[in-house]
Peer 1: 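Take a look at this one; I'll ask things after.
So that the names make sense, note that chain A is the first sequence line, chain B the second, and so on, each numbered from 1. When reading the values below, keep in mind they use all heavy atoms of this one structure, side chains included, and skip hydrogens, waters and symmetry mates.
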Amino acid sequence: MIAHLPILQVVIPLMAAPICLLLKRAQLVWLFSLIVSGLAFLISILLLQQVIASGVISYELGGWSPPWGIEYRIDELNAFLLLIISAISTIVLFAAQVSIEKEIPPNKHTLFYVLYLLSLTGMLGIVATGDAFNIFVFLEISSLSAYALIAMGKDRRALWASYQYLIMGTIGATFMLIGIGLMYQMTGTLNIEDLSQRLPEVAQTRTVFTAFVFIIVGVCLKLALFPLHLWLPNAYAYAPSIVTAFFAATATKVAIYLLIRFTFSVFGLSFSFTTIPLQSLFMALGLVGIVIASISAIYQNNVKHLFAYSSIAQIGYMIVGFSISSVTGLTATLLHLFNHALMKSAIFLALAAVMYRLGNVQLNNLHGLGRQMPLTMAAIVIGGLSLIGIPLTVGFVSKWYLVTALLEQGWWPVAVLILIGSLLAVIYVWRIVEVAYFKAPLANKVPVREAPISFLAPIWLLIIANIYFGIDTRFSVQVAQEAAQTLFGLTP
Amino acid sequence: MLMGLFNDWVVIMLMMIGLYIVIAHGNLIKKIVGLTLFQTSVFIFYISIANVEGGTAPILADDITLYSNPLPHVLILTAIVVGIATTALALSLVVRIKEAYGTIEEEEIQRQDNQTPEVKKEGKQS
């Protein structure tokens, strides 16, 4: 059983999805999905323990030895990502049942869980597999279910957002497919480990260069790097709130993982950072993304829009850490990956609770909500503080590592820009605080009650994690550091 | 030189035509047509690189030693299925967009979205 954990991680949610259709009753399906997702979480914990204790796990699918057969390869980076995805998925699912009651018509509830599990499968698969073509297939599994999930939003603009995401996402995935094809043409292999050994021989050819550029652009479309982010704000704002909470915390993280995996493991550090000016390019795009997305966030009136723009800015931080291409920089990126997943899932879950009570998340409807829904709004404020990077929250830890990595290189102007980005975050978080706590409730509005416990429990679990991992950083920093060192080829 | 890369030229032309349609056309169905063309060009690319000069179809026989590479065919079979799923999903989205907006022209949809104020529209939907 233990030996088969890598494949079980992916296959259990995949098999569970069609079973949901047989169970039919929405409540039963919810419980079943929760158990399945919890099981995936358990497996990811076991995998991470195994990787830390005894190094890389290589699993041969169907007993065919790599590079001919498909290999699932789990190292620290994979295990870390698997843990983040399955943990967030499980916590978010707790609130799903109540939240979709008001946002999705009852006859679609079962289908919602089917798509949710398929999307989870796709993301887990992308991370677990060690085969380049497999990545494409899982990417499309998760994306296709994502388009359908977003289209379930009750606002009609959800349809339009989903369509736009579909066009952009398909172009991105097809770009990756072209890149993978070109690599296969040059090396005759699809196994990531094998590719990394064979690519250096043909690294000077134009074909490999083209493959690299196609893959980078394709991945950047998926991770919504500025200026390829245009699909993201509407998709996050109009999707059902639960879907937003899940995707904001995981979908772009998976794309960041792909970026790291392709640049560091497949093409290798020296190729990736010398053939095109990746460092200055990503540094510039990351910084422009931080500033422009944060400023856009300030001007939003729909709070889900506001935090969607903030997500684009946070992706900018991860890209800046990545572009430093030092162990500390990459550690900062991986830490921020973990931390941002905690903050954004907490914030979007809290917004789901607001949506549940109010029916919308327009800023001018939140007047006085700090007194009516104190626990929910407090969660948004703490999540917001974490976004800004206040000490004792996780946001501080990753920003600290990022600034340290920048100062190591002596790039203090960039560090200053990072801090300016944090100040912009203060402004958009303050807008919410001001409306919710310092404005009297509107006279013509019926006061609302605090959100039900099925929201508050997962929200506060995440908020406590936000604070806990901001104080006790041993786990997250250790895993991120070891993963970064492995990627740089240093033995931890 | 030109003829040697014949397959690549065809693939790149199809790819660019497809991509151009996706970008330039405002009609949602036409966009999907472009997207499908774009995807298909990549399928053709994969299939063409599988060809081994002088090789036959990859069916095991005693007196033949040189076969074409069957792996890209298998890969692209998967990709075709993915492509069909994408097209089907995109078309069904267009049907629902038509029901909700009464149009499938991008400009018209954006005009309608910008016209109605945010809160009123959400109230109407729920």
Peer 1: Can you tell which part of A50(B) gets under 4.5 Å to a heavy atom of chain A, answering side chain, backbone, both or neither?
Peer 2: neither
Peer 1: Could you walk me through whether Y184(A) and N69(B) pass side-chain contact (heavy atoms from CB on, under 4.5 Å), step by step?
Peer 2: CA-CA 12 Å; Y184(A) 180 72; N69(B) 186 352; 2.8 Å; yes
Peer 1: Of the backbone (N, CA, C, O) and the side chain (C-beta and beyond), which part of I180(A) lies under 4.5 Å from a heavy atom of chain B, both, or neither?
Peer 2: both
Peer 1: Considering only heavy atoms, which portion of I141(A) lies under 4.5 Å from any heavy atom of chain B: side chain, backbone, both, or neither?
Peer 2: neither
Peer 1: Who among I76(B), I32(B), V81(B) has the most heavy-atom pairs with chain A under 4.5 Å?
Peer 2: I32(B)
Peer 1: Which atom pair, heavy atoms only, marks the closest approach of L144(A) to V82(B)?
Peer 2: CD1-O, 4.4 Å
Peer 1: What part of Y163(A) lies closer than 4.5 angstrom to a heavy atom of chain B: side chain, backbone, both or neither?
Peer 2: both
Peer 1: Is atom OH of Y67(B) surrounded by more than 12 heavy atoms (other residues, nucleotides or ligands) closer than 6.0 Å?
Peer 2: yes
Peer 1: Can you tell which part of Q164(A) gets under 4.5 Å to a heavy atom of chain B, answering side chain, backbone, both or neither?
Peer 2: side chain
Peer 1: Looking only at heavy atoms, which two atoms of V22(B) and I171(A) are closest? And how far apart?
Peer 2: CG1-CD1, 4.0 Å
Peer 1: Does the side-chain contact (heavy atoms from CB on, under 4.5 Å) test come out yes or no for Y46(B) and L177(A), once each step is laid out?
Peer 2: CA-CA 9 Å; Y46(B) 265 79; L177(A) 190 63; 3.5 Å; yes
Peer 1: Counting heavy atoms not belonging to K102(A), are there more than 12 under 6.0 Å from its NZ?
Peer 2: yes
Peer 1: By a 4.5 Å heavy-atom criterion (distance strictly below it), what part of L28(B) contacts chain A: side chain, backbone, both, or neither?
Peer 2: both
Peer 1: Rounded to the nearest 0.5 Å, what separates atom CZ in R156(A) from atom CD1 in I109(B)?
Peer 2: 9.0 Å
Peer 1: For L71(B) and W68(A), run side-chain contact (heavy atoms from CB on, under 4.5 Å): C-alpha distance rounded to whole Å, both residues' side-chain angles, the deciding distance at 0.1 Å, then the answer.
Peer 2: CA-CA 10 Å; L71(B) 184 70; W68(A) 295 280; over 6 Å; no
Peer 1: Heavy-atom count around M13(B) CE within 6.0 Å, excluding the residue itself: above 12?
Peer 2: no
Peer 1: If you count heavy-atom pairs under 4.5 Å between each of S143(A), G181(A), G169(A) and chain B, which one has the most?
Peer 2: G181(A)
Peer 1: Let me confirm one number: the CH2-CD distance from W160(A) to Q110(B), rounded to the nearest 0.5 Å.
Peer 2: 5.5 Å
Peer 1: Is it the backbone or the side chain of E99(B) that comes under 4.5 Å from a heavy atom of chain A, or both, or neither?
Peer 2: neither
Peer 1: Yes or no on side-chain contact (heavy atoms from CB on, under 4.5 Å) for L75(B) and L190(A), after CA distance, side-chain angles and deciding distance?
Peer 2: CA-CA 11 Å; L75(B) 297 181; L190(A) 289 168; 3.6 Å; yes
Peer 1: Tell me, side chain or backbone of I97(B) under 4.5 Å from chain A's heavy atoms, or both, or neither?
Peer 2: both
Peer 1: Once rounded to the nearest 0.5 Å, what's the spacing between atom OG1 of T207(A) and atom CG of D8(B)?
Peer 2: 8.5 Å
Peer 1: Could you tell me which portion of T86(B) (side chain, backbone, both or neither) has an atom closer than 4.5 angstrom to a non-hydrogen atom of chain A?
Peer 2: both
Peer 1: Which one, V137(A), L159(A), I167(A), leads in non-hydrogen pairs under 4.5 Å with chain B?
Peer 2: L159(A)
